[in-house]
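When reading the values below, keep in mind they use all heavy atoms of this one structure, side chains included, and skip hydrogens, waters and symmetry mates. Quantities reported herein were computed from a predicted structural model and do not represent experimental measurements. Lettering of chains follows the sequences in order, A, B, ..., and the numbering in each one begins at 1.
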Amino acid sequence: MSEITLTFPDGKSRNVPAGTTGLEVAKSISPSLAKRTVAMQLDGALADLADPINNDATINFVARTDAAALELIRHDAAHVMAEAVQALWPGTQVTIGPVIENGFFYDFAKAEPFLPEDLAKIEKKMGEIIAKNAPFTKEVWSRDQAKEHFRKAGELFKVELVDAIPADQDLKIYKQGAWLDLCRGPHMTSTGAIGKAFKLTKFAGAYWRGDSNNPQLQRIYGTAFATQEELDAYLKQIEEAEKRDHRKLGREMDLFHFQEEAPGSVFWHPKGWTLFQTLISYMRRQQQKAGYLEVNSPDMMEKHFWELSGHWENYGENMFTTTLPDERVFCCKPMNCPGHVQIFKHGLKSYRDLPLKIAEFGKVHRYEPSGALHGMLRVRHFTQDDAHIFITENQIMDECLKINDLMLSIYKDFGFEDIFIKLSTRPEKRVGADHLWDKAEKALADVLDEVKRRSNGRIKTALQPGEGAFYGPKLEYTLKDAIGREWQCGTTQVDFNLAGRLGAFYIDEHSQKVTPVMIHRAMFGSLERFTGILIENFAGHFPLWLAPQQVVVAPIVSDADAYAMEVASALARAGLRVETDLRNEKISYKVREHSLAKVPVIIAVGKREAEERSVSIRRLGSEKQTVTPLDEAIAALADEAKTPG
RNA sequence: GCCGGCUUAGCACAGUGGUAGUGCACCUGAUUUGUAAUCAGGGGGUCGCAGGUUCAAAUCCUGCAGCCGGCACCA
C-alpha cells in the first residue's frame, strides 16, 4: 500500500498508509487528542474526522472550541433542529439548512405555521437530541437510491435537490442516530459536540430557492456558539444594536415621524430637517468644488415622456401616476436622469462642454413593495444627491475615478473608511444593444480594477451578475458602520443608452453629432437612508457639526438667566445651533434631559460663571465638567462645529 | 407582494366577555436649586379602521390598513 505524508501545524510530518482516517491519525498521536477532536482540516479545508486521507496534506485537528469549529457547530445545530422539528411535527418536509453569518437557518415545508411558543419546544427537543450524542456518520448513495428514499419519505424538495447535484459530485448522506439528511458536510463527530450554547431566534417565510414564483417555506433562524459566554455576548450585541435603531432614536430625538396615511414617507421635524439640510449643504459644497452644476427638474412629467426614456416599460410598476382633470396621465419621477437629459439638450453642446456635470438634490417617488418599507432605510419618497455626467466615450475611466475619489473622501468625512464596491452587470430586463453593454461593463470593470489597485487592497470588491440598472451596469459602494453592519450608499452607473433614446447629442471635433455617454452617480444615495445610517452609526451621538442642536445653555439659578441668554446669543452669533433652558428646575434635572436628548454640549452657568464670565461645559457621554472663559469656549466650539472639507 | 406576529393616552406597557389602568411625559401650584429624575395636585384614550357574534366586546370572528421580523424586491 502506498504511503502519504501528513504535515502538522508545528511543521513536523509523518508518513501513513494512504486511506488512513483522520481519527486513526489522531488516535495514533494520543487518545486525548482523538477524544477532543471533532473534525480536521486538510490543506485548510474542513473535513470529517472519519474521512480517509488519500493524498499528501497538511493536517490540523479541530477541537470544538477552535474558531474553525464554529461553522460546524452551527451546521450540526441546523441538522439537529431539523430532526427536532420532524420529531415534533411528523410529515414536515426539510429542505435546506445552511450556516450563515452569525448563525444558521433551516427551511421547512409544513402546512400549519409555526407558533411563537414552538421555538422553545424545538430548543428543548434539540437539547434532548444533543444529549443523546449520536455520532454523525457519512454514506455515499447513488442518485437512484437517494431519490427512492426521499420519494418514499415524502421529501419532495430533497428529491429536487438530488437532481440538482452535479453528476461529478458524490451524493452524501449524513446520519445522526436514526435521522438522516442529504448534505455536503462536513460534520463533527457527534451531536454532543454542539453543546448547549445555541438559541433559536426567529421565524420567517422564505421562498424555495429564493424565487418568489416558488412555494413559500417556513424558515427558522438560530445561532450557536462553542460557549455560553460567547452566545450571551452575541445576544447582548444584538440588544445594543436595537438601541441604535434609527426609528427609535428618531422618535426619542424628535427628528421625524411616519404615519399611516403616508406609508414610506418621512415627516421631517425641525431637528431632523436641520440635520438633513446640514448634509445637503455639505454635499453642495463638495460638488461645487468638484465642478458640478446644480439644477432642479420637474417632479412630474407626462407619461409618454417616460415611455420614451424606457422607464415606463422597465420601471413602470414602481412609478406613481396621476390622471389630471384634462385626462393627461403624469408620472412622479422615480429618477432624475431623463430631466437632466432635457437640460443637457437645451442649447447645442460641443465636445468642448464635456464633461458636463449636472447635479440635483432631487426628490424621487418609487412605489416600493409594502413589505420592503423599513423606517428611513427604505422609503417611497426620497431625496437623492443625484448627478449625471455627460461625457465622451474615452472620458469614462477618468470621470469614474474622479467620482471614486470624491466618494471615498466624503465617506471619510463621516468616519466611514471600510468600503466595499460591487460591480453589477446587465439584468435580464434592460434597454440597449449588447455590444454597448459589453463596452459599459468593460469600462466599469477596468475602473474597479484601478480603484482596487490604487487602494493597495484596502478596498474589497465583488461581482453581482445581473444586478445592474436597466440602462447600464453599476458600481455599488457599500460602507461598514461603527458596529460592523454594511449599508449600500453610493452608486456609479455607466449608461450608453438613455441619452440616445432621448435624442441628446453633442457636436464632436469633426462637426458630427455624437451621442454622449452618461454617468449616473449618487454618493449619499438617498439622503433619507444616509440620515438613518448616520443615526445608527453614531447611536444618535452626532459629531458637533452634524448635531441638530449643538449646545444648550442652562442656568443653575434664575439669577443667571440673563447671563445664560447672553452666552447663548454669543454662541448663535458664532454660528452654533444653541438653545437655552431657563426652566425652574434643578441643574441635574436639566443635565439628565439634555443628555437623553443627546445634545452634544451642555453649558451650565451659575452665579460664579456669570461673575467671572466663564462657562461650565459638560460633553455628552462624559461626566467631566470643564470651566472655561466664555470667549475661549465660543472659539473652540465654533471651530469644532465647522463642516469638514 | 408573500409568510408569521403586533396595533390600548405623547412614549413604554398592563389589562382574554361585565361601563379602561400603571410609569414617564404634559398642565397647575410650591420649590432658586452646582451637573442624569424636588414635592403636591390635575387633565388626557369612542382600545388602528370597518363589519359581525353576544344581553354585554379592548377581549371572540371576518375584512382592511399600518407597523415589526424575515423572504422577494431595492437607494
Between A:Gln216 and A:Ile587, which is nearer to the 5' end of RNA chain B once each is assigned its nearest nucleotide?
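Checking each residue's closest nucleotide, the 5'-ward one belongs to A:Gln216.
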Along RNA chain B (nearest heavy atom to each residue), the more 5'-positioned of A:Arg618 and A:Gln218
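The 5'-side residue here is A:Gln218.
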Grab the two heavy atoms, one from A:Asp107 and one from A:Phe105, that are nearest each other, plus how far apart they are.
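Scanning both residues completely, I find the closest heavy atoms to be OD1-CD1, 3.5 Å.
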May I ask you to establish whether [X] and [Y] are in a cation-pi arrangement, using a distance under 6.0 Å from NZ or CZ to the six-membered ring centre and at most 45° from the ring axis?
| X | Y | result |
| --- | --- | --- |
| A:Arg529 | A:Phe382 | no |
| A:Lys236 | A:Tyr234 | no |
| A:Arg251 | A:Phe258 | no |
| A:Lys429 | A:Phe470 | no |

Report which part of the nucleic acid [X] touches: base, sugar-phosphate, or nothing (heavy-atom distance under 4.0 Å, all strands).
| X | answer |
| --- | --- |
| A:Lys590 | nothing |
| A:Ala372 | base |
| A:Ser526 | base |
| A:His594 | nothing |
| A:Arg608 | base |
| A:Val364 | nothing |
| A:Thr201 | nothing |
| A:Glu609 | base |
| A:Ile602 | nothing |
| A:Lys474 | sugar-phosphate |
| A:Gly490 | nothing |
| A:Tyr589 | sugar-phosphate |
| A:Gln625 | base |

Distance, rounded to the nearest Å, where [X] contributes [atom1] and [N] contributes [atom2]:
| X | N | atom1 | atom2 | result |
| --- | --- | --- | --- | --- |
| A:Leu377 | B:C68 | CG | P | 10 Å |
| A:Glu585 | B:G29 | CD | C1' | 13 Å |
| A:Ile617 | B:G34 | CD1 | P | 20 Å |
| A:Phe114 | B:G69 | CZ | P | 21 Å |
| A:Phe105 | B:A72 | CZ | C1' | 13 Å |
| A:Gln464 | B:C74 | CD | C1' | 11 Å |
| A:Arg219 | B:C71 | CZ | P | 6 Å |
| A:Ile533 | B:C74 | CD1 | P | 18 Å |

Would you say the side-chain atoms of A:Lys422 pair up with the backbone N or O of A:Thr461, donor to acceptor, closer than 3.5 Å?
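No; zero donor-acceptor contacts below 3.5 Å.
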Taking the basic N atoms (NZ, or NE/NH1/NH2) and the acidic carboxylate oxygens, is any pair closer than 4.0 Å for [X] and [Y]?
| X | Y | value |
| --- | --- | --- |
| A:Lys402 | A:Glu399 | yes |
| A:Asp254 | A:Lys271 | no |
| A:Lys248 | A:Glu242 | no |
| A:Arg366 | A:Glu368 | no |

Give none if [N] has no partner; otherwise give the nucleotide forming a Watson-Crick or G-U wobble pair with it, both distances under 3.5 Å.
| N | answer |
| --- | --- |
| B:G1 | B:C71 |
| B:C55 | B:G18 |
| B:G29 | B:C39 |
| B:C6 | B:G66 |
| B:G44 | none |
| B:C11 | B:G23 |

Polar side-chain contact A:Ser595-B:U35 base: donor and acceptor under 3.5 Å:
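No such pair is found, so the answer is no.
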Please state whether the base of B:G70 and the side chain of A:Tyr207 form at least one donor-acceptor pair under 3.5 Å?
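No pair found.
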Could you give the distance separating [M] and [N] at their [atom1] atoms, to the nearest angstrom?
| N | M | atom1 | answer |
| --- | --- | --- | --- |
| B:A65 | B:C74 | C1' | 23 Å |
| B:U16 | B:C6 | C1' | 16 Å |
| B:U59 | B:U19 | C1' | 14 Å |
| B:G21 | B:U62 | P | 30 Å |
| B:G17 | B:C60 | P | 9 Å |
| B:C71 | B:C39 | P | 47 Å |
| B:A50 | B:G4 | P | 26 Å |
| B:U8 | B:C49 | P | 10 Å |

Identify the pairs formed between an N or O of the protein and an N or O of nucleotides 64-67 of chain B at a distance under 3.5 Å, and give each distance.
residue	atom	partner	partner atom	Å
B:A65	O2'	A:Glu260	OE1	3.3

Is there any protein nitrogen or oxygen under 3.5 Å from a nitrogen or oxygen in nucleotides 40-42 of chain B, and what are the pairs?
none

Verify stack between A:Phe382 ring and B:A75 base, 5.5 Å, 30 degrees:
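A:Phe382 ring centre within cut-off of B:A75 base, planes near parallel; stacks.
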Whether the A:Gln86 and A:Glu155 side chains hold a donor-acceptor pair (N or O, under 3.5 Å, no angle test) is what I'd like checked.
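Result is yes, a qualifying pair exists.
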Applying the ring pair (Phe, Tyr, Trp, His ring centres under 6.0 Å) test to A:Phe157, which of A:Phe108, A:Tyr106, A:Trp208 qualifies?
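Exactly one pass, corresponding to A:Trp208.
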In terms of ring plane angle, is the pair A:Tyr315 and A:His311 parallel, tilted or perpendicular, where the classes change at 30° and 60°?
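Perpendicular.
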